[in-house]
*Asks:* 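The structure's right below; bear with me while I get my questions together.
Because only heavy atoms are used, hydrogens play no part in the values below, and waters and symmetry mates are left out as well, while side chains stay in.
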Amino acid sequence: MKDTQNIITCFHCGKDCQSEKIATDNKLFCCNGCKMVYEILNENELCAYYDLNEHPGIDRIITARKDKFAFLDQKEIKEKLIQYTNGKQTQLSLYLPQIHCSSCLYLLENVFVLNKGISQSKINFTKKEIFISYDESITSLRKVIETLTDIGYEPHLSLNDVANKSRNTIDRTRWYKIGVAGFCFGNIMMMSFADYFATNSVVDYKIQLFFKVVSVLLSLPVLFYAGAEFFISAFKSLQNKYLNLDLPVALALIITFVRSLYEIFNVSGNGYLDSMSGIVFFMLIGRWLQSRTYQSISFDRDYKSFFPIAINVISDGKIIPTQI
């Protein structure tokens with residue numbers, strides 16, 4: 001049985017210390033990396049980091065090599081990573097998978113103490129992202145990344161960051177479709193109330209005809225604009241000789257619409273245009289929620305997230321960082 005009383009843990013990350021030789025200020029560390037991070041924080045009076053949580057740090061057993069981020073000095077790579085620059089102030093967002101507690105927030109939002117060129121840093125704890133604004137005349141993108149790496153928060157930089165620059169753009173097309181479908185659905189439903197509640201009394205024929213005509217007109221943008229993606233997807237699946245989930249939805253919309261027109265023009269019923277519009281409206285909301293979920297797990301799905309931005313090419317005995 002393991003004797004837990006004699007185990008000495010690292011002051012920085014909390015892992016077991018294999019030796020008592022790595023120490024400073026009467027504090028033991030598991031590796032020189034953890035010791036270096038403590039010394040950096042202590043030198044800059046940021047040791048309140050350790051007061052917020054016990055052993056909040058990340059182990060630094062594997063330290064980054066000196067020229068690891070040399071590729072960030074290349075202008076073409078830098079321009080693809082940053083979000084905005086006016087030649088002096090530059091802004092960008094970085095993914096930091098190591099963020100896990102309030103101590104991380106304290107340290108990262110005070111990172112300007114370690115790098116005087118950083119003017120602002122804000123944390124999105126849910127997405128584990130840091131937004132940084134820095135002065136180009138004082139520091140550089142490479143130095144900002146190296147500062148974060150030195151304190152144990154190495155940003156995850158991948159090919160996906162430069163290959164998909166428009167990943168954060170918002171597609172409002174589906175919002176418009178949801179708005180159109182919701183507006184038409186609500187009005188068609190409202191005009192159907194007269195038929196729903198007309199149990200013992202008969203609705204005036206002219207009023208009834210007016211409601212039906214307006215309902216048909218409102219159903220057209222729902223079917224041909226808001227619901228177009230269901231028909232396009234179903235058609236493409238048939239072209240490729242396989243069936244997808246949009247095919248039965250498309251069939252249901254067509255059958256419901258045709259059946260409703262038949263009943264309305266033959267004065268044999270009021271149709272089901274409200275149901276058809278409701279199907280499109282709620283299906284679009286489901287699609288929107290699905291796309292939001294996919295965005296949140298895009299790192300796990302995109303193969304580019306596992307590829308580096310650049311590699312080192314040895315040419316004539318020199319190491320040259322080269323973008324993939």
*Asks:* Would you compute the distance between atom OG of Ser93 and atom NZ of Lys127 and round it to the nearest 0.5 angstrom?
*Replies:* 9.0 Å
*Asks:* Evaluate whether atom CG of Leu289 has more than 12 neighbouring non-hydrogen atoms of other residues, nucleotides or ligands under 6.0 angstrom away.
*Replies:*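 For Leu289, atom CG is crowded (more than 12 foreign heavy atoms under 6.0 Å).
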*Asks:* Hey, what do you get for CG (Asn115) to OH (Tyr134), rounding to the nearest 0.5 Å?
*Replies:*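 The OH atom of Tyr134 is 10.0 Å from CG of Asn115, to the nearest 0.5 Å.
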*Asks:* Show the numbers, then the answer: is there a side chain to side chain contact (heavy atoms under 4.5 Å, CB included) between Leu220 and Phe257?
*Replies:* CA-CA 9 Å; Leu220 295 178; Phe257 182 71; 3.7 Å; yes
*Asks:* Would you compute the distance between atom NZ of Lys35 and atom CG of Asn42 and round it to the nearest 0.5 angstrom?
*Replies:*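 Here the rounded value is 12.0 Å.
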*Asks:* Would a hydrophobic clustering, with Ile, Leu, Val, Met, Phe, Trp and Tyr connected at side-chain separations under 4.5 Å, put Ile279 with Leu218?
*Replies:* yes
*Asks:* Do Phe183 and Asn187 have side chains that get closer than 4.5 Å, going by heavy atoms?
*Replies:* yes
*Asks:* Determine whether a donor-acceptor pair (N or O, by modelled atom type, separation under 3.5 Å) exists between the side chain of Glu129 and the backbone of Asn124.
*Replies:*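 No, because the side chain of Glu129 does not come within donor-acceptor range (under 3.5 Å) of the backbone of Asn124.
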*Asks:* Tell me whether Glu136 is salt-bridged to Lys78, with the criterion being a basic N under 4.0 Å from an acidic carboxylate O.
*Replies:*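 Yes.
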*Asks:* When hydrophobic residues are tied together by side-chain contacts of less than 4.5 Å, even through go-betweens, does Ile285 share a cluster with Tyr176?
*Replies:*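 No, it is not one cluster - the side chains of Ile285 and Tyr176 are not joined through contacts under 4.5 Å.
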*Asks:* Rounded to the nearest 0.5 Å, what's the gap from NZ on Lys128 to CZ on Phe125? Could you check?
*Replies:*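 Here the rounded value is 7.0 Å.
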*Asks:* Quick check against the 3.5 Å criterion: does Thr256 have a side-chain atom that pairs as donor or acceptor with the backbone of Leu253?
*Replies:* no
*Asks:* What are the two closest non-hydrogen atoms of Cys30 and Ile22, and how far apart are they?
*Replies:*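 Cys30 and Ile22 have their closest heavy atoms at O-CD1, 4.0 Å.
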*Asks:* Might you work through the side chain to side chain contact (heavy atoms under 4.5 Å, CB included) test for Val214 and Met191, ending with a clear yes or no?
*Replies:* CA-CA 9 Å; Val214 174; Met191 285 182 285; 3.3 Å; yes
*Asks:* Could you tell me whether Glu154 and Lys68 make a salt bridge, using a distance below 4.0 angstrom between a side-chain N and a carboxylate O?
*Replies:* yes
*Asks:* Verify the cluster assignment for Phe131 and Leu141: are they in a single hydrophobic cluster under the rule of side-chain heavy atoms below 4.5 Å apart?
*Replies:*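 The answer is no; the residues belong to distinct hydrophobic clusters.
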*Asks:* Has Asp25 got a side-chain atom pairing as donor or acceptor with Lys27's backbone, closer than 3.5 angstrom?
*Replies:* no
*Asks:* Mind telling me whether Phe11 and Phe29 have parallel, tilted or perpendicular rings, with 30° and 60° as the class edges?
*Replies:* perpendicular
*Asks:* Heavy atoms, side chains only, cut-off 4.5 Å: are Leu46 and Tyr106 in contact?
*Replies:*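 The answer is yes, as the side chains (C-beta and beyond) meet within the 4.5 Å cut-off.
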*Asks:* Counting heavy atoms not belonging to Tyr262, are there more than 12 under 6.0 Å from its OH?
*Replies:* no
*Asks:* Nearest 0.5 angstrom please: Met189 CE to Ser277 OG, how far?
*Replies:* 8.5 Å
*Asks:* Output, in order, the C-alpha distance, side-chain angles, deciding distance and verdict of side chain to side chain contact (heavy atoms under 4.5 Å, CB included) for Leu157 and Phe71.
*Replies:* CA-CA 11 Å; Leu157 302 176; Phe71 64 91; 4.3 Å; yes
*Asks:* Do Val280 and Leu247 land in one hydrophobic cluster if side-chain heavy atoms of ILVMFWY residues count as linked below 4.5 Å?
*Replies:* no
*Asks:* Apply side chain to side chain contact (heavy atoms under 4.5 Å, CB included) to Asp135 and Lys88, showing your working.
*Replies:* CA-CA 6 Å; Asp135 191 338; Lys88 186 177 180 181; 3.4 Å; yes
*Asks:* Give the minimum heavy-atom separation between Lys143 and Thr139, together with the two atoms involved.
*Replies:*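 Looks like CB-OG1, 3.3 Å.
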*Asks:* If you measure from CG on Asp16 to CG on Leu28, what distance do you get to the nearest 0.5 Å?
*Replies:*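 Here the interatomic distance stands at 12.0 Å.
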*Asks:* Please say whether more than 12 non-hydrogen atoms of neighbouring residues, nucleotides or ligands are located less than 6.0 Å from CD in Glu76.
*Replies:* yes
*Asks:* With a 3.5 Å distance limit and no angle check, can you tell me whether Ser119 reaches the backbone of Ser133 through a side-chain donor-acceptor pair?
*Replies:* yes
*Asks:* Of all heavy-atom pairs between Leu96 and Pro155, which one has the smallest distance, and what is that distance?
*Replies:*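 Result for this residue pair: CD2-CA, 3.5 Å.
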*Asks:* If you look at every heavy atom in Tyr272 and Ser260, which pair is closest and at what distance?
*Replies:* N-OG, 2.7 Å
*Asks:* Under a 4.5 Å cut-off applied to non-hydrogen side-chain atoms, are Cys184 and Pro221 in contact?
*Replies:* yes
*Asks:* Side-chain polar contacts of residues 223-235 - donor-acceptor pairs under 3.5 angstrom, sequence neighbours left out - could you list them?
*Replies:*
unit_1: Glu229; atom_1: OE2; unit_2: Arg174; atom_2: NH2; d: 2.9
unit_1: Glu229; atom_1: OE2; unit_2: Arg287; atom_2: NH1; d: 3.2
unit_1: Ser233; atom_1: OG; unit_2: Asn244; atom_2: ND2; d: 2.9
unit_1: Ser233; atom_1: OG; unit_2: Asp246; atom_2: OD2; d: 2.6

*Asks:* Testing the basics here: between Leu92 and Leu81, what is the closest heavy-atom pair and its distance to 0.1 Å?
*Replies:*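 Minimum heavy-atom separation between Leu92 and Leu81: CB-O, 4.0 Å.
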*Asks:* Sort out for me which residue in Ile130, Ile118, Thr149 forms a side chain to side chain contact (heavy atoms under 4.5 Å, CB included) with Val144.
*Replies:* Ile118
*Asks:* Kindly say whether Lys236 contributes a backbone atom to a donor-acceptor pair with the side chain of Asn240 at under 3.5 angstrom?
*Replies:* yes
*Asks:* In terms of relative ring orientation, are Phe185 and Phe282 parallel, tilted or perpendicular, with 30° and 60° separating the classes?
*Replies:*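 The rings of Phe185 and Phe282 stand perpendicular, inter-plane angle above 60°.
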*Asks:* Closer than 3.5 angstrom, by distance alone: can the side chain of His100 be matched with the main-chain N or O of Gln98 as a donor-acceptor pair?
*Replies:* yes
*Asks:* Given 3.5 Å as the limit, does a donor-acceptor pair link the side chain of Asn44 with the main chain of Ile40, or not?
*Replies:* yes
*Asks:* Just wondering, do Asp150 and Leu114 contact through their side chains at under 4.5 Å, heavy atoms?
*Replies:* no
*Asks:* Establish whether Val222 and Ile255 are linked, either directly or via other cluster members, by ILVMFWY side-chain heavy-atom contacts under 4.5 Å.
*Replies:*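 Val222 does not cluster with Ile255.
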